Amino acid sequence: SVMKNTSVSLFRQVLDLIPKREFEEIVMKHNGDKRKQSFDSWAHFVSMIFCQLAQANSLREICGGLKTCGGKLNHLGVESAPTKSNLSYANAHRSPKMFGDIFHMLLGHCHAIARVRNPSYSHELDFIKKQIGISAIINPEMAAAKEISHLLRFPGASKIDTFADGRVRLIKFALPDALDGVAIREIPTRLKSDILVCAVEREGGVIIPNGNFVLQKGDQVTFLATQEKAHAFFQQLHLPVQPVRNALIVGGGAIAYYLSQELLENHVRVRIVERDAARCVELAEQLPGAQILNEDGSNREFLLSEGLESTEAFVALTNIDEENVLLTLFAKKHSNGKLVTKVNRLEFDDILAGLDLGSVVYPKYMTCDYIVQYVRALQNEAGNNIKTLYRILDDRVEALEFTVHEESAATGVPLSQLHLKKNLLLCCITRGSKILIPRGGDQIQVGDNVIVVTLEHGLHDLRDIVEH
């Protein structure tokens, strides 16, 4: 198996969960790196984990798969891909007891995280956790539906993530002509908008900008604001802010069900196109307020006859990624409505980014974000727990919300005097009912929630934002 860019990123996320200090103690106990040369115990461990995740069946597949990662191996803590002879020798001579101890160490850190997809259980998750002893539950379909619902209520955005229990939003949008050539520090006075630009995608790269950074046409901009201030900002730019009043959904799976529930509660007209007749009957019973259409969603004439050209939102939710992409491209040609595309596979996200599919939703990313957020909070040693974590902009940027429970090097000091790490922006402080876009004289206090955006992966604690 060949690891694409996104797969390497996901592999690193798995490895981030390994307690490195305990791993190194076990290696020392067994003298595992006595003859390490360039292929140490960590590289050996990474190779074996890769073998399992990539379902490799031979030394050649393991070594060849890792070799295709090239320079990205550095992000995994490995200098270079092993040769077959190195890997064969390590398998024969490195103590299996060492790896047994590593297994038992990891087992001791295990918490049960369950994926629950059946809508029948959606209102009983807390009860299930208590009765079965599950540490956490994730429903990726429900999470995807909530994200799509946010986008349909604020259609000018291409991506929305929420913090501070929904009071603060991180919003991505394509830069309009009105902001071309404008420096970020000019936005508050020019547009009378209290928003904070957190990240800019430009020509394949990501920048955490300062106030002197000048925006250019073609930029994808991510900013932080309350819902009200984001609404006012978009109005100044003449971007759409009114929630959609009708939606045409293709694919009648679990995401369509959860999404339709939310839309119907907000008085949005919902039509679902589903090819399976039995599933149509189920949806008609479960969603009496929706119009269920038994037809193949790839029937272009049918979509046009059902008002594709006038729909305010088109959402492609079939189980086939290629079909979703083609449906969205067809809808884009005939409709000015909000476009949302569900994609399950992560391998081709860099290609999809160039197709302008509107908002692309990846349920697998949401599941991974939730698990990493949960595990990092467990690993946290100080009283500054990770409350929320998102991996944004194709996994190149992390946005984290910390809850401050005790004093540290990051508290009680004016922000202008804090030596923050490079490529890190402290975006927001929520203090009770107050939401602060921080200035140089502000200080982090015990009891605050703090939101940061960073190019650095693996922050576990608020103290990690400060240079030591």
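Predicted model, so just to flag it, every value in this text is computed and none were measured.
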Fill in: Student check: side-chain heavy atoms of Asn266 and Arg153 closer than 4.5 Å
yes

field: Heavy-atom donor-acceptor pair, Asp177 side chain to Lys217 backbone, under 3.5 Å
entry: no

*Main-chain N/O of Gly65 paired to Thr68 side chain as donor or acceptor, under 3.5 Å*: yes

**OP:** Kindly indicate, with the supporting measurements, whether the criterion side chain to side chain contact (heavy atoms under 4.5 Å, CB included) is fulfilled by Leu317 and Val250.
**Re:** CA-CA 6 Å; Leu317 297 177; Val250 179; over 6 Å; no

Item to complete: Could you tell me whether the side chain of Thr226 and the main chain of Lys229 form a donor-acceptor pair under 3.5 Å?
Response: yes

Assess the residue pair Ser47 and Leu66 against the criterion (side chain to side chain contact (heavy atoms under 4.5 Å, CB included)); give the C-alpha distance rounded to whole Å, side-chain angles, the decisive distance to 0.1 Å, and a yes or no. CA-CA 8 Å; Ser47 300; Leu66 287 169; 3.6 Å; yes

Check: Can any side-chain N or O of Ser149 pair as donor or acceptor with the backbone N or O of Glu147 at less than 3.5 Å?
Finding: no

* To do: Compute whether any side-chain donor of one residue and acceptor of the other, for Asn324 and Thr341, lie under 3.5 angstrom apart.
  => no

*asked:* Before we go on, tell me: are the rings of His150 and Phe154 under 6.0 Å apart, centre to centre?
replied: no

Discussion item. Is any side-chain heavy atom of Ile207 closer than 4.5 Å to one of Leu455?
Written reply: no

Applying side chain to side chain donor-acceptor pair (under 3.5 Å) to Lys338 and not counting sequence neighbours gives Ser359

Would you say Val206 and Val200 make side-chain contact, with heavy atoms under 4.5 Å? no

Exercise. Considering only heavy atoms from C-beta outward, does the side chain of Leu287 approach that of Val270 to under 4.5 Å?
Worked result: no

For residues Glu262 and Val268, determine if any side-chain heavy atom of one lies less than 4.5 Å from a side-chain heavy atom of the other.
no

Asn299 (side chain) donor-acceptor with Asp296 (main chain) under 3.5 angstrom:
no

Taken to the nearest 0.5 Å, the spacing of Glu79 CD from Trp42 CH2 works out to 14.0 Å

*asked:* Ignoring hydrogens and geometry beyond distance, is a side-chain donor-acceptor pair present between Tyr258 and Asn139 at under 3.5 Å?
replied: yes

**Asked** Hey, are Arg391 and Asp161 close enough for a salt bridge, meaning a charged N less than 4.0 Å from a carboxylate O?
**Response** no

Side chains of Ile435 and Arg167, heavy atoms from C-beta outward: is any pair under 4.5 Å? yes

Which is it for Val340 and Phe314 under the side chain to side chain contact (heavy atoms under 4.5 Å, CB included) test, yes or no, and what are the steps along the way? CA-CA 6 Å; Val340 181; Phe314 179 84; over 6 Å; no

Polar side-chain atom of Tyr390 near backbone of Phe163 as donor-acceptor pair, under 3.5 Å:
no

request  = Indicate yes or no: at least one non-hydrogen side-chain atom of Glu203 is less than 4.5 angstrom from one of Asp219.
outcome  = no

| task | Quick one: sort the Phe173 and Phe223 rings into parallel, tilted or perpendicular, breaks at 30° and 60°. | result | perpendicular

Rounded to the nearest 0.5 Å, the CG atom of Leu424 sits from the OG1 atom of Thr454 at a distance of 4.5 Å

Legend entry - Step-by-step side chain to side chain contact (heavy atoms under 4.5 Å, CB included) determination, Leu224 to Val168: CA-CA 7 Å; Leu224 182 140; Val168 178; 3.6 Å; yes

Taken in chain and number order and not counting sequence neighbours, the residues that satisfy side-chain contact (heavy atoms from CB on, under 4.5 Å) with Ala183 are Arg185, Glu186, Val214

Starting from the C-alpha separation in whole Å, work towards a yes-or-no answer on salt bridge (Lys or Arg N to Asp or Glu O under 4.0 Å) for Glu312 and Arg245.
CA-CA 7 Å; Glu312 295 187 8; Arg245 294 168 296 181; 2.6 Å; yes

request  = Assess whether salt bridge (Lys or Arg N to Asp or Glu O under 4.0 Å) is satisfied between Asp448 and Lys434, documenting all intermediate values.
outcome  = CA-CA 10 Å; Asp448 289 347; Lys434 294 182 179 179; over 6 Å; no

Within the structure provided, determine whether Ile160 and Leu170 are in side-chain contact (heavy-atom separation under 4.5 Å).
no

So CZ of Arg269 and CG of Asn246: to nearest 0.5 Å the spacing works out to 6.5 Å

The reported gap from CG in Asp165 to NZ in Lys387 (rounded to nearest 0.5 angstrom) is 3.5 Å

**Asked** Are the side chain of Lys159 and the backbone N or O of Ile171 linked by a donor-acceptor pair below 3.5 Å?
**Response** no

Would Asp194 and Arg439 pass as an ion pair if we require N to O under 4.0 Å? yes

dist His231:NE2 -> Leu239:CG (nearest 0.5 Å) comes out at 11.5 Å

N/O donor-acceptor pair under 3.5 Å between Asn210 side chain and Asn212 backbone: yes

Given the options Leu389, Val452, Ile444, Phe402 meets side chain to side chain contact (heavy atoms under 4.5 Å, CB included) only with Val452

**Item:** Intermediate values then yes/no, salt bridge (Lys or Arg N to Asp or Glu O under 4.0 Å), Arg275 and Glu295
**Value:** CA-CA 5 Å; Arg275 62 164 60 97; Glu295 182 59 71; over 6 Å; no

Taken to the nearest 0.5 Å, the spacing of Leu179 CG from Arg190 CZ works out to 8.0 Å

inquiry  = Please check this pair: side chain of Thr311 against backbone of Leu308, looking for a donor-acceptor N/O pair closer than 3.5 Å.
reply    = no

N-O pairing of Lys422 and Glu467 below 4.0 Å: no

Test your reading of the model: is there a side-chain donor-acceptor pair from Ser305 to the backbone of Phe302, 3.5 Å cut-off? yes

